[in-house]
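Note that ligands are numbered from 1 as they come in the structure, with each ligand's atoms numbered from 1 the same way.
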Amino acid sequence: MTPAAYVHLDLDAVRHNLAQVKRYAPNNKIMAVIKANAYGHGITRVARALDQADGFAVARVDEGVKLRKAGIGQAITVLQGFVCTDELLLMLEHGLDAVIHTPQQIDILQQRGADVAALSVWLKMDTGMNRLGFKGVDFNAAHERLSACAIVKQPINLITHFANADDLLDDKTLHQIDLFNETIQGYPGQRSIANSAGILGWPNVSIATRESAGDWVRPGLMLYGCSPFAGKTGADFGLRPVMSLHSRLIAVKNVAAGETVGYSGTWQCQTDTRLGVISIGYGDGYHRHTQSGAPVLVNGQRVPLIGRVSMDMITVDLNSQPNAQPGDPVTLWGDGLPVEEIARHADTIPYTLLCGITQRVRIVEARH
Ligand SMILES: *Cc1c(COP(=O)(O)O)cnc(C)c1O
């Protein structure tokens, strides 16, 4: 019998997707981004599967510590760095590399004379995202201050982040690249610019010509098989989905024309409807805002979602499948149904759906 609400993880796919990153960025080192529990796929599991990655990036210190405790040996960069001395000490203890993005972090580093050349850093430039990082002359001043910190390993590495790289018509990305390269001219150290959208969408400008061999790309979403570009799927770039979300039908019944289905009666049956009830809901991470009409695979065939998503269940129109029975297998996204497509029907992006799988969903791993 098909189990209720489970995620199937294809770890060969994540390795395949890493190989695709190498094809798009053959001269670069790869910092695989596995923050947020590897976009919902399991941070330790994904780090182990990506043993060919040159390094990893996480958002927060505790994510890096978890990886070290699991025996992961590659460089691990903490994208938010530390916010206090205690966190810095934790990073030193576990050999984590810090992104330095704000003057208070440099104050903390200056106060520590003891550990000489103990911390590898990436100095972050704000090239227009207006989130983390130093702008303009503040960046140069921060570089000077960091260069004088005994605790900091030299040379200082240099990093920035794209704001709009998923929009191929927006030349902001080119401005960001130019600003970064102009500002860091003459500085030694490794450089890192491109996320998935930069790698896939701006390969000629961001990597081949601008980032020199040996510098780092930072793919996240594409490792999990998804496209960062609206209207495209991972398959368009030779990527394979890693996560598939599955469940099963638990009831099948007839509802007369004119009746409504589910909370608030948002769906009214236009014809007599063979209704299927599936054991999946927002309590599992199936987005509540997924609209009626979103495709669901029942026995491998597409049927439309109808009515509101509830916590533990959704309802579908089974008129095209008169023989469907409780227990029949259901796919919500993944194999044969791109999560990018479901994200569109839920007015969100694939990132949030992947990250949103909840604790109660069983994980089934597979390697072929
Ligand atoms: C999350 C993140 C990435 C990866 O972005 P994707 O769009 O998932 O490829 C890269 N760099 C930074 C700084 C990030 O925060």
**Item:** Protein heavy atom at shortest distance from atom 1 (C) of ligand 1
**Value:** Lys35 NZ, 1.4 Å
**Asked** So with a 6.0 Å cut-off around CG of Asn319, is the heavy-atom count from everything else above 12?
**Response** yes
**Message:** Parallel, tilted or perpendicular: which one describes the rings of His143 and Tyr187, with boundaries at 30° and 60°?
**Reply:** parallel
**Asked** What do you reckon, does Lys124 have a nitrogen or oxygen under 3.5 Å from a nitrogen or oxygen of ligand 1?
**Response** no
**Prompt:** Is the shortest side-chain N to carboxylate O distance from Glu63 to Arg68 below 4.0 Å?
**Reply:** no
**Side-chain donor/acceptor of Thr77 to backbone N/O of Asp97, under 3.5 Å** = no
**Item:** Identity and separation of the nearest protein heavy atom to atom 8 (O) of ligand 1
**Value:** Tyr39 OH, 2.5 Å
**Message:** Check for me whether the distance between the ring centres of His41 and Tyr224 falls short of 6.0 Å.
**Reply:** yes
**Message:** Check this for me - ligand 1, Val33, N or O atoms closer than 3.5 angstrom, yes or no?
**Reply:** no
**Asked** Heavy-atom contacts under 4.0 Å between Met222 and ligand 1: side chain, backbone, both, or neither?
**Response** neither
**N-O pairing of Arg112 and Asp115 below 4.0 Å** = yes
**atom 13 (C) of ligand 1: the protein heavy-atom neighbour that sits closest, reported with distance to 0.1 Å** = His161 ND1, 3.6 Å
**Prompt:** Can you check whether Leu221 has an N/O within less than 3.5 Å of an N/O in ligand 1?
**Reply:** yes
**Prompt:** Strictly by modelled atom types, are His345 and Thr290 linked by a side-chain donor-acceptor pair under 3.5 Å?
**Reply:** no
**Residue, atom name and distance, where the atom is the protein heavy atom closest to atom 9 (O) of ligand 1** = Ser196 OG, 2.5 Å
**Message:** For atom 7 (O) of ligand 1, what's the nearest protein heavy-atom neighbour? Residue, atom name and distance, please.
**Reply:** Tyr351 OH, 2.6 Å
**Residue part near ligand 1, for Arg218, under 4.0 Å between non-hydrogen atoms** = both
